[in-house]
Trainee: 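Quick one: the structure is below, and I'll ask about it shortly.
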Amino acid sequence: MAEHESLEFGKADFVLLDNVSLEEFMANLKLRFEKGRIYSYIGEVVVSVNPYRAMNIYGRDTIEQYKGRELYERPPHLFAIADAAYKAMKRRNKDTCIVISGESGAGKTEDMSVTSVCLYRVKNMLLKSNCVLEAFGNAKTNRNDNSSRFGKYMDINFDFKGDPIGGHINNYLLEKSRVIFQQEGERSFHSFYQVSEGLTTDIKKLFLFCQPFQTPDKSHQTCIVFSILQSSINDSADFKAVTDAMKVIGFTTGEIQTVYKILATILHLGNLKFGSDGDVTLIENSKLVSVLGDLLSTKDENVEKALLYRTVATGRDVIDKQHTHQEASYGRDALAKAIYERLFCWIVGRINDIIEVKNYDARVHGKNTVIGVLDIYGFEIFQNNSFEQFCINYCNEKLQQLFIQLVLKQEQEEYQREGIPWKHIDYFNNQIIVDLVEQQHKGIFAVLDEACMNVGKVTDEMFLQALNGKLAKHAHYTSRKLSPTDKNLEFDRDFRIRHYAGDVAYSVVGFIDKNKDTLFQDFKRLLYNSSNPVLKAMWPEGKLSITEVTKRPLTAATLFKNSMISLVENLASKEPYYVRCIKPNDVKSPLLFEHERCKHQVEYLGLLENVRVRRAGFANRQTYPRFLQRYKMISEFTWPNHDLPSDKEAVKRLLQGCGFEHDVAYGKTKVFIRTPRTIFNLEEQRAEMVKRIVLFLQKVWRGTLARMRYRRMRAALIIIRAYRRYKVKSYIREVNRRFKNVRGMKDHGKHVKWPTPPKVLRKFEEALRNIYNRWWAWTLIKDLSPEEMVQIRAKVATLECLKGQRADLGLQRAWEGNYLVSKKDSPGTASSFTLVSSDLQRKDKFMRVLFSCNVRKINRFNKAEDRALLITDRHLYKMDPVKQYKPMKSIPLYNVTGVSISPGKDQLVVFHTKDNRDLIVCMQGMVPAGDSRIGELVGTLFSHFKSEKRKLQVNIVSPIHCSMNGRKCTVIVETKINQSQPDFTKSRSGYILSVPGN
């Protein structure tokens, strides 16, 4: 039973239908199609409905889901049937086959490709061969854009390990009449259109493609017609794919070019027209003769002679008999059909030469097993059914007979193997229809061959009269003569056969010609004598002498009958698996399910018959281990494992406990269940128990996961702690080792490289570095005097404020601070400044002088003057050096809020005050002249403010914004080359300090 699909998608296996009826079957099929489930089972038969859309169910991951699984373990799929065939081949060392059938447009070609991808596992050449064969054997029809116009059977050889080692392809009944005529709305074979669209202009000229397509009057059916139709097919892209595939397979460049030439030959034959001059038949467009001669690598006169004359041997004499207009046209058409058929057979043979198993010795390499894949035309009923449809429908009768026989045979053999009594099953045996066609002396093929062998003019009407005479009493044959009231049949033209799939009326028009399949010997000799070795090899019979007597060639009907008998015998020797394809509608819609259309296909494919055969005995059977594995949770005696003597006894106990013992039978290795209802009941009980088991398993597993997670976390924590302790100890030991003797080092360990700390100790390392740095600094300053300490603090403050923002901070020199008492800066006035300073100290009670210096200052009247600047720990004094350093202005330090300096090398300083009466000065008169005291001034002030726990705002900007008696202004520094001393000038926005240039 197919698993993992709920009943909302219908029954995955038709065997499990509650009532076996056509209505139930169709309803289930429609439901599954509408739900997007295109595959279903009838036991081990896959029913495939063409979805007419791309479906994402064929990837490599999907193949893996079905590999090694039983049919009922996964939802229905082609991969399941392919893997079942592969497993049967490997397990039982037995040849198997997959038979794909259905009408045109039902998806047989696509299903074969999908099946092959799963089976091949695979050689690229085997896959590429499908592409080539589709190009030369498929065509667009009114039912299908890629309809196979030939039957194909492919054997895939596997070695004893189950690996593909080669293959072989047989083709059946190529519809070569399509070369010269197609029904309205259809095309010829893809190859003609691909070559016409895909070849470049230069290569077309080389192969003389002047006018490749012609569409004459359809009533003149002896002309080669190639209809140009609007189509969804991309012929140009397909041409490239086919050419690449031929190269991969192993076709040489010369062989591929010969293929192009043969296709060009057929195209030009379609342009060839005959005319008459009295009793003489002529070629109207004679230039084509030389074109054909070049393409066929033969002489022009030989081509013309073969087209217009027939060489006849009468005794020892040989004469050339001229064709009539009708005979010449017939010969041309026959040549075109024969050339294309030989080309197709040669391509198949060439592929077989390349992919066949070589140098394989069963004694050395083990047994060589085979999986066959058959893609054969489905049953066809057209408005006009001719010889081709008759052969195709005969083929389907043979395969349907084989299908029922093998299904019954498989069922009977399995019952016998398992020791289950076999009950006879009634079914429709279509052997009577097969005999109607192929029986010797009485069958339709025999009557047709007899008519073709008669001497003289034999017509299709005479053939129909012979059929009426021999088959008048046959229950499955009738004609208008035998049923005069049946107006659906034409007199002297139609006969009807009651096939298993329905009644089909055939027109005998063309039966005689198509069966004879006559090709004048002159054409065979012409092509055999070609200088092209590939073309010559296609016509070996052309080497016969004109006077040489040969056997009458077998007719097309006999050849096809023999090939079908051989095919059926081949399939009967293998274990078969079936894919039945159904076409849901004629408009290629992915949504439309035409009930009557599908119903007809279900009937002629015998699907309901197959369900009845499968249901006649036991609907379901499974091996005991598999059954237990699926249903053992239902019974307490089998869950989780049984202790009974065997799996068979365990299954018996389980089914007895459920009350189903009356509906089952026990085989040697399998349990057989009669009705689908028992299966559904088991599935319902299983689904209910699975919920409980899942909940129980979830509970147990979640607890297990939680305990495992806890143990892992606890172990990880212990490890982390131990590792962290180890890393901490290692780091501390390493730090201790490196810094053990730093006291005795000259630089007190400044050159020692710190070890990399573990992540957990990064903050500790920062703290440790700070401790070390503080100790290192302490060792440097511990012997300094109080005055030196004050200078050190000021320099540190300078670094804190100005590092990276001013170039010269003056850190390398000693800072004197009170420069006005120095005889270097004020050689003549130092004593005067000292007296004034002492008076101010007594008056204002300051403790010490922080800084003094000569400055250039600008006042609120825009006047620049020389002044002296004295900064104590309490006041900032502005003095006049000309008047013996008379104090002119005193600003309490608590009134100073900040200082601003520029980022350049100038000595500009702006003192900002709370009352917006800022002081703008530029230090001058330094000795030496290039000395910078900005850093000293800022650092000394900043350090003093910091010691008093007050904040001093230090700004390094350009231009400097300030306030002069409440008026906003800016100070800009400019460099002038001819300037000897710094000086202030008035500007529109404030002031400009001009400083000497370098």
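Everything quoted here is computed from the prediction, not taken from an experiment.
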Trainee: Examine the side chains of Thr258 and Asn532 and answer whether a donor and an acceptor come within less than 3.5 Å of each other.
Mentor: yes

Trainee: In the structure I gave you, are the side-chain heavy atoms of Arg178 and Glu186 within less than 4.5 Å of one another anywhere?
Mentor: yes

Trainee: Taking Glu197 for the side chain and Gln194 for the main chain, is one N or O donor matched with an acceptor at less than 3.5 Å?
Mentor: no

Trainee: Do we see a donor-acceptor contact under 3.5 Å between the side chains of Ser147 and Lys140?
Mentor: no

Trainee: So which atom in Lys574 and which in Cys97 form the shortest heavy-atom distance, rounded to 0.1 Å?
Mentor: CD-CB, 3.8 Å

Trainee: Have Asp449 and Thr558 got a donor and an acceptor in their side chains that come within less than 3.5 Å?
Mentor: yes

Trainee: Do Asn157 and His168 have a side chain donor and acceptor closer than 3.5 Å?
Mentor: no

Trainee: Please determine if Arg310 and Glu327 form a salt bridge, counting it only when a charged side-chain N lies under 4.0 Å from a carboxylate O.
Mentor: no

Trainee: Which of these, Tyr340, Phe136, Phe560, Phe344, sits in a ring-ring contact (aromatic ring centres under 6.0 Å, His included) with Phe150?
Mentor: Phe344

Trainee: Taking Ala557's backbone N and O only, do any of them form a donor-acceptor pair with Asn515's side chain (distance below 3.5 Å, no angle check)?
Mentor: yes

Trainee: Just by modelled atom types, is the Phe274 backbone N or O under 3.5 Å from a matching donor or acceptor in the His325 side chain?
Mentor: yes

Trainee: Test your reading of the model: is there a side-chain donor-acceptor pair from Glu134 to the backbone of Cys131, 3.5 Å cut-off?
Mentor: no

Trainee: Among Thr243, Asp244, Asp238, which one satisfies side chain to side chain donor-acceptor pair (under 3.5 Å) with Lys240?
Mentor: Asp244

Trainee: Please confirm whether the backbone N or O of Val280 pairs with a side-chain atom of Asp277, one donor and one acceptor, at under 3.5 Å?
Mentor: no

Trainee: Between the side chains of Asp235 and Arg187, is the shortest nitrogen-to-carboxylate-oxygen separation below 4.0 Å, so that they form an ion pair?
Mentor: yes

Trainee: Of the non-hydrogen atoms in Val509 and Arg493, which two are nearest, and what is the gap between them?
Mentor: CG2-CG, 3.9 Å

Trainee: Please name the residue in the list Asn130, Ile100, Asn170 that meets the side-chain contact (heavy atoms from CB on, under 4.5 Å) test with Lys152.
Mentor: Asn130

Trainee: Suppose we screen for side chain to side chain donor-acceptor pair (under 3.5 Å). Which residues come up paired with Glu341, at least two apart in sequence or across chains?
Mentor: Lys176

